[in-house]
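Here is the structure we will look at, set down as structure tokens.
Numbering of residues begins at 1 and proceeds along the displayed sequence. Excluded from the calculations below are hydrogen atoms, water molecules and symmetry mates; all remaining heavy atoms, backbone and side chain alike, are included. All values derive from a computational prediction rather than experimental measurement.
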Amino acid sequence: MSRAALVVIDVQESFRQRDSWAYASQPDIVGQVDRLVTAARRRGDLVVWVLHAEPGSGGVFDPANGHVRLIDGLTPVPGEPTLVKTSHNAFTTTNLQQLLTFAGIRDITVCGIRTEQCVETTARVGCDLGYEMTFVTDATVTFPTPHRDVPATATLAEILADPRTLSVEEMTARTEYALAGRFATVRTVAEVTGTVTGRAADAVGDGTGAGAGQPEPAGVRG
């Protein structure tokens, strides 16, 4: 039995309802996640789906508005649990740890939305809990991120025009830097699914590819 799991975090319609979706770092997130899911199922790994909800908020994360559902193109199969969280990380407000413990899981691969928020915090907490974490960087989505002093009333246009706003490239790079060798191993979809070919394969082989040459994560092997 496989001791590995793929946890897909917040790849939900809620985000597509926001104007900022037009500036998403990875518009083909469904295709990237589908590749990971297909490979995980082929290996016999557990696939866990996680959605984010803010009941009573009246916004796009309020289940009453119908957007707290997977983006079209992603469908769990029987035996794949779907959890609903109300915190950033996927552990704190769900029974994810209990589920993984019962399944004998020791290695977790994470992907989803957002790169530096829900996916990163899940990787950090998972590492603290003793799991070996893999963060699939090009199967995550982030958005231009405003400075902390920007008013909550600022429009998307104002945020994009603000020189203090961090680009999606900056957000992704900062997240990779914080996680790699400390909380997770950073990998690409091609590396995780074993579909690295040509120049990409050579780059991975000589230690210049994304995630290559990273130290082992801080999690404890079982």
Side-chain angles (χ1 to χ4, degrees), residues 7-37 49-75 82-94 110-126 135-180 183-184 186 188-189 210:
V7 180
V8 182
I9 303 167
D10 300 354
V11 186
Q12 62 193 73
E13 184 63 26
S14 308
F15 288 100
R16 296 198 336 132
Q17 296 300 308
R18 292 175 159 181
D19 292 341
S20 58
W21 183 256
Y23 301 91
S25 62
Q26 180 55 262
D28 187 31
I29 183 66
V30 170
Q32 294 291 75
V33 170
D34 185 62
R35 290 173 63 191
L36 292 174
V37 170
W49 305 86
V50 181
L51 298 171
H52 183 79
E54 298 174 1
S57 65
V60 294
F61 292 98
D62 190 332
N65 290 329
H67 304 307
V68 182
R69 57 182 173 82
L70 292 171
I71 296 176
D72 290 345
L74 297 175
T75 305
T82 298
L83 310 180
V84 179
K85 65 180 178 64
T86 55
S87 63
H88 289 314
N89 79 81
F91 286 97
T92 303
T93 56
T94 72
V110 291
C111 63
I113 310 174
R114 300 178 48 159
T115 304
E116 79 292 350
Q117 189 166 289
C118 296
V119 188
E120 178 181 357
T121 56
T122 298
R124 287 174 177 264
V125 174
F135 182 92
V136 190
T137 186
D138 59 342
T140 71
V141 169
T142 189
F143 306 92
T145 304
H147 188 271
R148 62 180 178 274
D149 293 336
V150 170
T153 55
T155 65
L156 179 58
E158 290 171 333
I159 290 171
L160 293 174
D162 189 335
R164 299 172 299 175
T165 295
L166 293 180
S167 69
V168 294
E169 292 82 10
E170 289 173 311
M171 293 305 299
T172 301
R174 286 169 180 244
T175 302
E176 291 176 354
Y177 188 92
L179 290 178
F183 300 98
V186 176
T188 64
V189 171

Under a 4.5 Å cut-off applied to non-hydrogen side-chain atoms, are [X] and [Y] in contact?
X      : Y      : value
Leu36  : Val189 : yes
Leu156 : Pro144 : no
Asn65  : Gln17  : no
Gln26  : Asp28  : yes
Thr145 : Glu116 : yes
Trp49  : Leu51  : no
Ile9   : Val11  : no

Minimum heavy-atom separation for [X] to [Y], with atom names?
X      : Y      : answer
Ser87  : Asn89  : OG-O, 2.9 Å
Pro63  : Pro55  : CD-CA, 3.8 Å
Val33  : Ala139 : CG2-O, 4.4 Å
Val110 : Ala123 : CG2-CB, 4.3 Å
Phe61  : Ser14  : CE2-CB, 3.5 Å
Asp62  : Gly56  : OD2-N, 3.3 Å

Let me confirm one number: the [atom1]-[atom2] distance from [X] to [Y], rounded to the nearest 0.5 Å.
X      : Y      : atom1 : atom2 : answer
Arg148 : Arg164 : CZ    : CZ    : 9.0 Å
His88  : Thr121 : NE2   : OG1   : 7.0 Å
Ser20  : Arg114 : OG    : CZ    : 7.5 Å
Arg16  : Glu13  : CZ    : CD    : 4.5 Å
Phe183 : Arg124 : CZ    : CZ    : 4.5 Å
His67  : Arg18  : NE2   : CZ    : 11.5 Å

For Phe15 and Phe143, take the angle between the two ring planes, folded into 0 to 90°, and tell me which bin it lands in: parallel under 30, tilted 30 to 60, perpendicular over 60.
parallel

Check whether more than 12 heavy atoms from other residues, nucleotides or ligands sit under 6.0 Å from atom CG of Asp19, and answer yes or no.
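Not more than 12 within 6.0 Å, no.
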
Val68, Val84, Thr93, Asp10 screened by side-chain contact (heavy atoms from CB on, under 4.5 Å) with His52, the one that passes
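Of Val68, Val84, Thr93, Asp10, side-chain contact (heavy atoms from CB on, under 4.5 Å) with His52 is met by Asp10 alone.
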
Could you check whether any side-chain N or O of [X] sits under 3.5 Å from a backbone N or O of [Y], counting only pairs where one atom can act as donor and the other as acceptor?
X      : Y      : result
Asp34  : Leu74  : no
Thr140 : Thr137 : yes
Asp138 : Thr188 : no

Taking atom types as modelled, is there a side-chain donor on Asp162 or Thr165 under 3.5 Å from an acceptor on the other?
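Per modelled atom types, Asp162 and Thr165 side chains form no pair under 3.5 Å.
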
Assess, by modelled atom type and distance only, whether the side chains of Thr142 and Thr115 contain a donor and an acceptor separated by less than 3.5 Å.
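No, no side-chain donor-acceptor pair sits under 3.5 Å.
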
Passes side-chain contact (heavy atoms from CB on, under 4.5 Å), Ile113 versus Trp21? Steps please.
CA-CA 11 Å; Ile113 310 174; Trp21 183 256; 4.0 Å; yes

Assess the residue pair Val119 and Phe135 against the criterion (side-chain contact (heavy atoms from CB on, under 4.5 Å)); give the C-alpha distance rounded to whole Å, side-chain angles, the decisive distance to 0.1 Å, and a yes or no.
CA-CA 8 Å; Val119 188; Phe135 182 92; 3.4 Å; yes

By side chain to side chain contact (heavy atoms under 4.5 Å, CB included) - contacts of Thr153 (at least two apart):
Pro151

